[in-house]
K.L.:
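Structure below; questions to follow.
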Amino acid sequence: MKTFEELGVCGEIRHAIEEMGFVQPMPVQEAVIPYLLGERHDVIALAQTGTGKTAAFGIPLLQRIDTLRRETQALVLSPTRELCLQIADDLRDFSRYMDDIHVEAVYGGAAIEPQMRALRKGVQIIVATPGRLIDLKNRGFAHLEHVTNIVLDEADEMLNMGFSDSINEIFESLPEEHSTLMFSATMSREVERVAKQYLRDYETIVVGSRNEGAENVNHIYYMVQAKDKYLALKRIVDFYPKIFAIIFCRTKLETQEVADKLIRDGYNAEALHGDLSQQQRDLTMQKFRQHTVQLLVATDVAARGLDVDDLTHVINFGLPDDIENYTHRSGRTGRAGKKGTSISIVHTKEKHKIRNIEKEIGKKFVEAEIPSAEEICKKQLYKVMDQIVKTDVDDEEIAPFMQDISRYFEYIDKEEIIKKIVSLEFGKFLAYYADAPEIEKPVTDKHEKKPQTDRQKIQNKAAKGYKRLFINLGKKDGFFPGVLMQTLNRYVGGRQEVGHIDLLDTISYFEVPEKDARKVMLQLTGIRFKGRTVRCNDADDGGTPTRSSQPAHREKDNWRNLMQKVPRELKGDMPDFSEEGWARRRRKKK
C-alpha cells in the first residue's frame with residue numbers, strides 16, 4: 001500500500017490529515033487521488049458511503065486551487081444540507097495549513113443573506129445543494145464561469161431526490177473546459193444517463209464490487225408478525241446495551257410514532273424527518289453526533305449523508321422498496337475499517353425483499369431468533385456490573401461525604417449493598433420482562449407446522465401434589481404472572497407457592513399445592529379486578545366462564561340469542577329484553 005506522499009499529496013495537506021489520524025490511504029483514496037492529480041479526466045467512482053470518499057476528491061480539489069485568485073474554481077454538489085456541511089468542514093480541515101483557501105457551504109433551509117455576503121467576498125470552493133446554488137446564481141452571487149472542477153457526491157441519491165433539472169441547469173452555466181467527478185454508491189440507469197450526457201471520455205473506478213454492501217457490515221433479519229415489530233425492536237435494543245444506532249422507518253408518521261414510543265418507554269431516542277424545522281433537525285443531529293442521543297429514528301431522506309462516528313447498528317424497522325436505499329442505509333455503519341451490523345425487522349410479506357437484496361449486494365442475510373427475556377436480562381445485568389466496576393472515583397471530591405455515607409451503611413453488609421445497587425439500576429428490566437408478552441415467530445413455509453394456539457399449549461394435568469385452578473382473568477385484562485403473584489400475596493396472605501401457569505387471552509389456569517387450593521379459591525372468588533368480579537374454582541370442575549363472569553356486552557348477546565329461540569306466543573310472559581329493559585335489569589343487578 002502506498003503512502004499519501006507517494007500518491008503526490010502536498011506537504012501542507014499531509015500535515016493536516018496526519019493530525020486528523022490519517023495514517024495510510026484507504027482503497028478509494030489510493031485509486032482516485034493519483035488519477036485526479038494527473039491528467040485532467042472525467043471520472044465515475046463507485047464506492048460505498050464511509051470509505052473515505054471526501055478525502056479522495058477533496059485532497060486533489062484543494063491541491064489544484066490557485067490561491068492567488070478569489071473566484072470560484074471548484075464546485076461540490078451534494079443531495080442534503082447535512083452532507084453539504086460535512087464536506088465543507090472536511091475540506092477546511094484538510095486545508096488548515098494552506099494559505100488563502102476559502103470554502104463556503106450554501107444550502108437551503110437557512111438564511112440566504114450570510115451566504116450571499118460570503119460569496120460576495122469571494123470563495124474558491126463552493127459546496128452546495130443544487131436548489132440553493134441555482135437561487136444564488138440567479139441572484140448574481142454565485143459565479144460559475146471559472147469553475148474547472150465539479151464533483152457530484154452521492155449522485156445516485158441526488159437523482160433519486162429529483163434534482164435532475166437543477167443539475168442540468170448548473171452544468172449549462174459551467175465553462176466548456178472543466179473536469180467532472182461523480183461519486184455514487186450504485187451505478188443506476190439514471191447515473192449512467194447523466195454520465196453519458198455530461199462526462200467526456202470518462203474513466204470508471206470501482207472500489208469493491210458494483211452495488212455491493214459495505215465489506216465490514218453483517219446483515220441480520222428477524223421474522224416477526226407485523227403487530228409485534230415494535231416489541232421486537234425493544235428486545236433488540238435491550239439485547240445490545242451499548243448500541244448506538246439509526247432506526248430507519250418508511251414514512252414521517254411512522255418515524256415520529258416509533259420515536260415517541262421509545263421515549264415514552266425510557267429510551268434515549270430522537271426523531272429526524274422532513275416535518276421538523278431546520279433548527280430542530282440541526283439540534284437533533286448535534287446531539288446524535290455528540291453521542292448524547294443513543295437512538296436516532298429517521299426517514300431515508302432525513303438521514304441521507306449523515307457522517308457519524310462509531311455507529312454500531314443500523315436497524316431497518318421497515319425495508320425500503322428500493323434496494324439502493326438499503327445499500328445507503330447499511331453503509332451508515334461499518335465505516336473506516338470498523339465492524340457494523342445492519343438489522344432488519346421483517347414480516348412474512350417482506351421476505352422476498354431479503355432475497356432480492358442478497359442477490360444485489362452479493363451477501364447473505366442471517367436469520368436470527370428474537371432474544372429471550374432471560375438472554376436480555378443477563379446482558380443488562382453484565383452491563384450494570386461492568387459500569388460499577390469501571391466507574392472512576394474522585395477521592396478528593398467524595399472525601400467530605402464519606403463519614404456520613406459510612407455511618408449510614410454501617411449496619412448493612414457488603415452483599416446487601418451490592419444487591420441494592422444492582423436492583424436500582426437493573427430493576428426496570430426485571431419488572432418489564434417478568435410480564436413481557438412472548439413474540440411468536442410467524443409461519444413462512446406452507447409445509448411448516450403451525451405454532452400451537454394458547455389453548456393447545458395449556459397443560460391439562462396438574463403436577464403431583466398440586467391442584468389446577470381456573471380464574472376468569474387473562475392477558476387482555478393485563479393479568480400476567482407477576483400480577484397473579486401480587487394478587488395471591490395480597491388476598492391470600494403470605495408468600496403463596498405457585499406451580500405451572502397457563503395464561504390465555506381471557507382466562508388463566510395455575511397450580512397451587514393441594515392443601516392450599518380451597519383457601520385460594522375462597523379468597524379470590526368475589527374480589528374485583530379492574531372493574532370485573534373474579535371467579536376462581538377447581539379447573540377439573542369445568543373451569544369455563546359463566547354468564548356472570550362475562551363482560552356486559554357478551555351477556556347481552558347471549559340473552560338476545562336466547563330470545564330469538566322463544567316462540568312468539570310465549571314472549572308476552574317473558575321479561576322485557578328491549579334496550580330499556582336490559583338497562584333496567586343491569587341497574588337492578590348492581
Side-chain angles (χ1 to χ4, degrees), residues 19 21 233-247 258-272 279-297 308-313 315 333 338-339 341 371-436 480-483 485-487 489-490 493-495:
E19 285 187 353
L233 173 64
K234 284 182 62 175
R235 290 202 175 212
I236 292 165
V237 170
D238 290 342
F239 188 66
Y240 297 100
K242 296 181 181 179
I243 191 171
F244 178 55
I246 299 177
I247 301 169
V258 171
D260 288 344
K261 286 181 180 178
L262 287 170
I263 294 167
R264 181 197 64 201
D265 290 340
Y267 296 90
N268 184 5
E270 292 274 0
L272 185 72
Q279 185 177 7
Q280 288 174 310
R281 291 173 66 181
D282 290 345
L283 180 60
T284 297
M285 276 312 306
Q286 181 182 357
K287 289 192 289 186
F288 190 59
R289 284 198 174 98
Q290 294 172 351
H291 290 226
T292 56
V293 167
Q294 187 179 14
L295 303 171
L296 183 70
V297 190
V308 182
D309 294 332
D310 304 322
L311 206 65
T312 61
H313 293 76
I315 300 177
T333 186
K338 297 180 181 179
K339 291 289 183 182
T341 302
S372 68
E374 183 181 358
E375 291 170 329
I376 292 168
C377 287
K378 282 183 180 179
K379 280 283 193 85
Q380 291 292 339
L381 177 59
Y382 293 148
K383 173 198 171 187
V384 171
M385 293 189 298
D386 193 52
Q387 285 177 327
I388 293 171
V389 170
K390 292 182 178 179
T391 297
D392 293 325
V393 177
D394 189 332
D395 292 321
E396 291 184 9
E397 187 178 52
I398 203 172
F401 309 100
M402 280 306 299
Q403 188 174 354
D404 290 335
I405 294 170
S406 299
R407 189 183 302 116
Y408 193 85
F409 291 110
E410 184 176 359
Y411 299 105
I412 305 177
D413 63 32
K414 175 183 174 183
E415 185 176 346
E416 190 67 22
I417 291 174
I418 291 172
K419 287 180 181 178
K420 289 179 181 293
I421 292 172
V422 171
S423 296
L424 190 66
E425 293 294 324
F426 181 55
K428 71 172 184 177
F429 287 99
L430 283 177
Y432 173 75
Y433 283 108
D435 296 336
F480 294 101
V483 179
M485 298 305 300
Q486 291 171 10
T487 305
N489 293 336
R490 178 180 177 184
R495 300 185 69 84

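This is a predicted model, so every value here is computed, not measured.
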K.L.:
Calculate, to the nearest 0.5 Å, the distance between atoms NZ and CD1 belonging to Lys234 and Ile236 respectively.
P.N.:
13.0 Å
K.L.:
Nearest 0.5 Å, what's the CZ-CD1 distance between Phe401 and Ile398?
P.N.:
8.5 Å
K.L.:
Under a 4.5 Å cut-off applied to non-hydrogen side-chain atoms, are Ile247 and Leu296 in contact?
P.N.:
no
K.L.:
Checking side-chain contact (heavy atoms from CB on, under 4.5 Å) for the pair Ile412/Phe409: CA distance, chi angles, key distance, verdict?
P.N.:
CA-CA 5 Å; Ile412 305 177; Phe409 291 110; 4.0 Å; yes
K.L.:
Are Val297 and Leu262 close enough that some pair of their side-chain heavy atoms sits under 4.5 Å apart?
P.N.:
yes
K.L.:
With sequence neighbours left out, write down each residue that passes salt bridge (Lys or Arg N to Asp or Glu O under 4.0 Å) with Glu397, or none if nothing qualifies.
P.N.:
none
K.L.:
What is the distance from atom SG of Cys377 to atom CZ of Phe239, rounded to the nearest 0.5 Å?
P.N.:
11.5 Å
K.L.:
Can you find a heavy atom in the side chain of Leu283 that is under 4.5 Å from one in the side chain of Gln279?
P.N.:
no
K.L.:
Less than 4.5 Å apart, any side-chain heavy atom of Leu272 and any of Gln280?
P.N.:
no
K.L.:
How far does CZ of Arg289 sit from CG of Asp310, to the nearest 0.5 angstrom?
P.N.:
13.5 Å
K.L.:
Determine whether a donor-acceptor pair (N or O, by modelled atom type, separation under 3.5 Å) exists between the side chain of Lys287 and the backbone of Val293.
P.N.:
no
K.L.:
Does any N or O in the side chain of Asn268 come within less than 3.5 Å of the main-chain N or O of Leu295, such that one atom is a donor and the other an acceptor?
P.N.:
no
K.L.:
When you compare the side chain of Ile315 with that of Ile246, does any pair of heavy atoms fall below 4.5 Å?
P.N.:
no
K.L.:
Would you call the rings of Tyr240 and His313 parallel, tilted or perpendicular, taking 30° and 60° as the class edges?
P.N.:
tilted
K.L.:
Please examine the side chains of Gln286 and Asp282, heavy atoms only from C-beta on, and report whether any two atoms are closer than 4.5 Å.
P.N.:
no
K.L.:
If the threshold is 4.0 Å, N to carboxylate O, is there a salt bridge linking Glu375 and Lys379?
P.N.:
no
K.L.:
With a 4.5 Å limit on heavy-atom distance, are the side chains of Lys242 and Lys383 in contact?
P.N.:
no
K.L.:
Does this structure show an ion pair linking Asp238 with Arg235, if we count only N-O contacts that are shorter than 4.0 Å?
P.N.:
no
K.L.:
So, for Ala271 and Thr284, which heavy atoms are closest and what is the spacing to 0.1 Å?
P.N.:
O-CG2, 3.8 Å
K.L.:
Any side-chain heavy-atom pair from Gln294 and Tyr267 closer than 4.5 angstrom?
P.N.:
no
K.L.:
Output yes when a side-chain donor or acceptor of Thr312 lies under 3.5 Å from a complementary backbone atom of Ile243, and no otherwise.
P.N.:
no
K.L.:
Verify the neighbour count for atom CD of Glu415: are there more than 12 heavy atoms of other residues, nucleotides or ligands below 6.0 Å?
P.N.:
no
